[in-house]
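We number each residue from 1, following the sequence as shown. Ligands are counted one by one from 1 in listed order, and the atoms in each one are counted from 1 as well.
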Amino acid sequence: MERNIFDTEHEIFRDSVRRFLEAEIRPNVDRWLDTGIVDREAFRKAGDHGLCLMWAEEEYGGLGVEDFRYEQILIEEMAHHGDPGFGLSLHNRLVGPYLGKLGTPEQKQRFLPGCIRGETILGIAMSEPSAGSDVAGIRSRAEDKGDHFLLNGSKTYISNGINGDLFVVAARTVPENPHGLGLFLVERGMDGFRRGRNLKKLGLKAQDTAELFFDDVRIPKENVLGDPRKGFYYLMQFLAEERLIVACGSVAAAEAALQATLEYVRERSAFGRPVAMFQNSRFKLADMRTRIDVAQTFVDRLVMDHNQGKLSPEVAAEAKVFCSELEGWVTDECLQLHGGAGYMDEYPISRMYANARVSRIYAGSSEIMREIIARGMGLDPRPAAAEQRKSA
Ligand SMILES: Cc1cc2nc3c(=O)[nH]c(=O)nc-3n(C[C@H](O)[C@H](O)[C@H](O)COP(=O)(O)OP(=O)(O)OC[C@H]3O[C@@H](n4cnc5c(N)ncnc54)[C@H](O)[C@@H]3O)c2cc1C
């Protein structure tokens with residue numbers, strides 16, 4: 001289905017991203033899948049091409065392009081011509097905006113130019129061994145010591161965990177309040193900050209995912225992001241965009257899986273005819289085409305809403321759950337249509353199938369997305385909400 005949200009400028013940008021990915025990223029992907037990490041150089045090259053933190057103001061070296069469609073194009077082209085393990089959009093739009101929106105002019109001046117050049121790689125550390133979905137259960141502590149905070153705790157499953165130079169770390173600042181969190185900028189090389197190993201995982205094999213440890217890390221006050229008691233509120237604000245990013249990636253991954261499968265089933269024959277010509281194959285592929293078109297139309301609409309500042313957390317959750325589950329279903333059906341070949345590493349569908357699994361877990365699991373949607377419908381069973389309703 002033809003999409004109607006892009007102008008000529010966007011299409012020119014898409015072509016240039018594709019050329020960049022084909023020249024600089026694609027040739028390295030197999031090696032990165034083996035080593036479990038992307039070369040740092042890849043971020044720097046993306047920076048040279050103006051693909052890092054495109055939204056950042058020109059005074060810091062950015063392009064000042066707030067239009068989310070450019071990031072959407074980058075995500076889509078990455079699914080088709082790069083590898084979703086390259087955490088560029090995580091750097092650009094999942095973490096970067098914390099600096100852009102909460103950072104002081106001094107913090108922006110200190111960090112944004114390096115991030116824009118792709119020299120300072122960003123990560124965000126919320127999840128802990130005992131708190132993932134339950135952000136309010138974060139145990140890492142940051143104690144106010146006057147001129148600095150003292151950070152203790154650990155984080156896990158952190159993307160860009162090995163390559164990362166600068167992490168936005170969520171830690172408890174108000175022990176008696178589950179929502180009393182602060183956000184802290186932890187830099188590579190700070191005393192007491194250490195990383196664990198690069199964790200082995202089912203998919204996204206090119207991405208470095210690691211544990212981070214903080215033992216009496218002295219965080220100067222200049223590295224506190226915003227109000228140190230409002231971290232929970234900030235995280236909730238930024239999570240809607242994070243979920244839209246995952247939704248964009250999931251639809252693009254589903255489309256890439258469909259294209260790879262169409263090519264395969266046209267060439268592969270069984271019982272004297274191309275696999276594509278069995279009624280089962282045609283109907284499955286027709287269902288995929290239909291559902292991807294529906295999901296893409298929804299996501300495109302939300303991208304435009306987001307550009308106007310109108311993306312609600314509930315609708316972002318709808319997109320995230322719908323598109324990530326679509327990606328899971330499409331990659332599974334596509335693998336089946338490949339037969340045994342689909343199980344082999346040399347066919348991209350096997351990697352797409354493995355990559356897809358995490359989309360239903362990270363950035364808020366499908367269950368948490370359904371919680372958010374249901375609460376938005378007035379179905380909130382939490383005691384405080386019930387109390388509120390009683391006294392209203
Ligand atoms: C590859 C990868 C990269 C990641 N990158 C990052 C990163 O960069 N930064 C970061 O901070 N985190 C990151 N994460 C962590 C990720 O966000 C968490 O894994 C995710 O939020 C789920 O948390 P959990 O693993 O603790 O699962 P749990 O919270 O323990 O959940 C276990 C199960 O219980 C369900 N569940 C939990 N609460 C409820 C509820 N209220 N109702 C119904 N069901 C519920 C969940 O849906 C899930 O099925 C990453 C994870 C992975 C796998």
For [atom], is there a protein heavy atom at a distance under 4.0 Å?
{"atom": "atom 50 (C) of ligand 1", "value": "yes"}
{"atom": "atom 6 (C) of ligand 1", "value": "yes"}
{"atom": "atom 1 (C) of ligand 1", "value": "yes"}
{"atom": "atom 34 (O) of ligand 1", "value": "no"}

Can you tell me which residue and heavy atom of the protein come closest to [atom], and the distance to 0.1 Å?
{"atom": "atom 4 (C) of ligand 1", "answer": "Y157 O, 2.9 Å"}
{"atom": "atom 8 (O) of ligand 1", "answer": "S159 N, 3.0 Å"}
{"atom": "atom 41 (N) of ligand 1", "answer": "I368 CD1, 3.9 Å"}

Practice item. Say whether D215 and N152, considering side chains only, have a donor N or O and an acceptor N or O under 3.5 Å apart. Key: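 Absent: no donor and acceptor within the cut-off.
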Check the orientation of [X] and [Y]. Use parallel for under 30°, tilted for 30 to 60°, and perpendicular for over 60°.
{"X": "F68", "Y": "H306", "value": "perpendicular"}
{"X": "F167", "Y": "F193", "value": "perpendicular"}
{"X": "H91", "Y": "F43", "value": "perpendicular"}

Which residue from [options] reaches closest to [atom] through any of its heavy atoms?
{"atom": "atom 48 (C) of ligand 1", "options": "R370, R357, E367", "result": "E367"}
{"atom": "atom 42 (N) of ligand 1", "options": "R382, E371, R360", "result": "E371"}
{"atom": "atom 27 (O) of ligand 1", "options": "G85, G161, S133", "result": "S133"}
{"atom": "atom 16 (C) of ligand 1", "options": "S365, G132, S127", "result": "S127"}
{"atom": "atom 9 (N) of ligand 1", "options": "I124, V135, V358", "result": "I124"}

**Study point:** Non-hydrogen atom of A363 closer than 4.0 Å to ligand 1
**Key:**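 The answer is yes, since A363 has a heavy atom less than 4.0 Å from ligand 1.
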Practice item. Assert yes or no for the condition that the ring centre distance of F322 to F298 is strictly below 6.0 Å. Key: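 Ring centres of F298 and F322 not closer than 6.0 Å.
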Review point. So which of L166, L90, D165 actually passes side chain to side chain contact (heavy atoms under 4.5 Å, CB included) with L122?
Key: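 Going through L166, L90, D165 one by one, the side chain to side chain contact (heavy atoms under 4.5 Å, CB included) with L122 is satisfied by L166 alone.
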Exercise for review: To the nearest 0.5 angstrom, please state how far the CG atom of L88 sits from the SG atom of C52.
Suggested key: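 Reported value, rounded in 0.5 Å steps: 5.0 Å.
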Point to revise | Interatomic spacing from OG1 in T290 to CE in M1 - rounded to 0.5 Å | key: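 Rounded to the nearest 0.5 Å, the OG1-CE separation comes to 11.0 Å.
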